[in-house]
Amino acid sequence: MSAPGQAPSAGYAAVFVHEDVPTAEVDRLEALHRPLADSVRDLVDATIRTTVEDEEVRAVRAEVDALVARLRARQLDGPAGVRYNAEGRTWSWGNAVVGERNAVAPPLEVVRDPDGLVHADTVLGAAYEGPPGMVHGGVGALLLDHVMGVAASAHQRVTLTGTLTMRYVRSTPLGPVRVEARIEREEGRKVFVVATLGDPDGVTVEADGVFIVPRWAV
Ligand SMILES: CCCCCCCCCCCC(=O)SCCNC(=O)CCNC(=O)[C@H](O)C(C)(C)COP(=O)(O)OP(=O)(O)OC[C@H]1O[C@@H](n2cnc3c(N)ncnc32)[C@H](O)[C@@H]1OP(=O)(O)O
């Protein structure tokens, strides 16, 4: 059990890290690593869709293994975590949805409008397939959870997903998608958020969720 004002477990405490790195250096590193993640994302797509000969598959695997060994020559002991500096710049390079170094994350850029609407557009390819040609239901939930979390975290407060409810109205085809979320109301530490996922023809998933400002963050 953790004391009030503290993170609830070593797991949380370990990943919120203050780092004395100037914002300009964070930006420089981000600009250096983002293209690598883009290339690896491309590799994931090519790995799924390639039809080259068996020998070529084995040869590419050997080259990829060699590249992995080069990157592992120096690395963090655990996940990238969420880091922040004295200027208030935060960075979460491994985040499953927006991590700049995470090739598994769709390249999602979340925008907050002055009227409180939070939205993000992206294109989901072969790596996000569930039913044939369609977005995996869990991937839709992943994107919704994140964008709804950003909406709930208005004014820089910490919120965690408490309950998330999804209604899959129709299948979401792979391709361009848009997520929209906004706060519906608040009750104490509970923030009620409504959201949609959609394709160019309209809404495919409706969601509502309760996001909680955790006791330890008050
Ligand atoms: C900053 C830049 C942007 C940053 C933007 C970053 C966006 C990231 C988005 C990603 C979001 C995630 O994936 S978050 C990761 C997934 N979620 C989690 O891991 C959360 C795990 N659960 C927990 O840590 C905890 O159970 C909490 C924090 C949810 C609640 O704990 P607590 O703080 O002790 O809450 P507690 O006092 O018991 O309850 C407070 C009130 O909330 C209600 N409540 C409690 N739990 C729940 C629940 N699961 N669902 C509904 N309601 C609940 C209670 O009934 C009570 O209502 P009343 O009696 O007051 O009426």
Side-chain angles (χ1 to χ4, degrees), residues 1-21 23 26-27 30 76 78-102 104-122 137-168 177-198 203-218:
M1 185 70 78
S2 56
Q6 288 186 330
S9 70
Y12 274 107
V15 293
F16 282 102
V17 177
H18 175 263
E19 220 173 90
D20 201 12
V21 182
T23 297
V26 178
D27 291 344
E30 224 165 75
L76 298 171
V82 181
R83 292 161 193 269
Y84 59 97
N85 65 14
E87 299 162 61
R89 171 75 153 87
T90 61
W91 60 103
S92 48
W93 287 335
N95 184 284
V97 186
V98 293
E100 286 84 353
R101 290 195 187 193
N102 189 346
V104 171
L108 198 71
E109 207 165 303
V110 185
V111 177
R112 183 192 301 279
D113 288 347
D115 69 354
L117 180 73
V118 176
H119 53 94
D121 291 279
T122 192
V139 171
L142 175 74
L143 301 190
L144 281 159
D145 181 31
H146 187 88
V147 176
M148 292 169 83
V150 174
S153 300
H155 316 300
Q156 303 287 310
R157 65 187 164 194
V158 174
T159 63
L160 293 178
T161 317
T163 299
L164 199 53
T165 306
M166 235 91 48
R167 181 181 170 87
Y168 292 85
V177 297
R178 180 177 177 85
V179 188
E180 293 186 353
R182 66 166 66 249
I183 294 175
E184 185 187 48
R185 63 193 163 90
E186 299 186 28
E187 274 174 31
R189 285 191 283 123
K190 292 181 291 191
V191 186
F192 295 82
V193 178
V194 291
T196 57
L197 172 73
V203 171
T204 57
V205 186
E206 297 166 343
D208 57 84
V210 188
F211 291 74
I212 319 275
V213 178
R215 196 186 297 264
W216 55 263
V218 174

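Computed from a prediction, not measured in an experiment: that's the story for all the values here.
A donor-acceptor pair is defined here as one N or O able to donate and one able to accept, closer than 3.5 Å; no such pair exists between the side chain of D113 and the backbone of D115. Checking side-chain atoms of E87 against main-chain N and O of T23 turns up a donor-acceptor pair under 3.5 Å. Under a 3.5 Å cut-off, the side chain of R157 and the backbone N or O of A217 do not form any donor-acceptor pair. Without hydrogens or angle criteria, T204 side chain to L197 main chain gives a donor-acceptor distance under 3.5 Å. Using modelled atom types, one side-chain atom of R189 and one backbone atom of V213 make a donor-acceptor pair closer than 3.5 Å.
In this structure, V147 and H119 have side chains that are not in contact, with every pair of non-hydrogen atoms separated by 4.5 Å or more. For the pair V21/R89, no side-chain contact is recorded, criterion being any heavy-atom separation below 4.5 Å from C-beta on. Within the 4.5 Å cutoff, side-chain heavy atoms of L144 are placed close to those of V205.
Once rounded to the nearest 0.5 Å, the distance linking NE2 of H18 with OH of Y84 reads 6.0 Å. Distance OG1/T196 to CZ/R167: 14.5 Å, rounded to 0.5 Å. Distance check, rounded to the nearest 0.5 Å: CD of E100 to CG of N95 gives 8.5 Å. To the nearest 0.5 angstrom, T159 atom OG1 is 14.5 Å from K190 atom NZ. Here the straight-line distance linking atom CH2 of W91 with atom CZ of R83 works out to 7.5 Å at 0.5 Å rounding.
Between L117 and R182 the shortest heavy-atom distance is CB-NH2, 3.7 Å. Shown here for T122 and P107, the closest heavy-atom pair between the two residues is OG1-O, 3.4 Å. A181 and A195 get closest at one heavy-atom pair: CB-CB, 3.7 Å. I183 approaches A151 most closely through the heavy-atom pair CD1-O, 3.4 Å. Shortest non-hydrogen contact noted between E109 and A120 is O-CB, 3.5 Å. The two atoms that bring I212 and G162 nearest to each other are CG1-CA, 4.1 Å, heavy atoms only.
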Dump the intermediate steps for side-chain contact (heavy atoms from CB on, under 4.5 Å) on V26 and W93, then the final yes or no. CA-CA 10 Å; V26 178; W93 287 335; 3.9 Å; yes
Begin with the C-alpha distance, continue with both residues' side-chain angles, and end with the deciding distance and a verdict on side-chain contact (heavy atoms from CB on, under 4.5 Å) for D145 and V97. CA-CA 10 Å; D145 181 31; V97 186; over 6 Å; no
Is there a side-chain contact (heavy atoms from CB on, under 4.5 Å) between E19 and N85 once you walk through the steps? CA-CA 5 Å; E19 220 173 90; N85 65 14; 5.9 Å; no
side-chain contact (heavy atoms from CB on, under 4.5 Å) between H146 and V110: does it pass, once the steps are laid out? CA-CA 9 Å; H146 187 88; V110 185; 4.2 Å; yes
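Of the residues listed (L164, T163, V150, L160), the one engaging F211 in a side-chain contact (heavy atoms from CB on, under 4.5 Å) is L164, and it is the only one.
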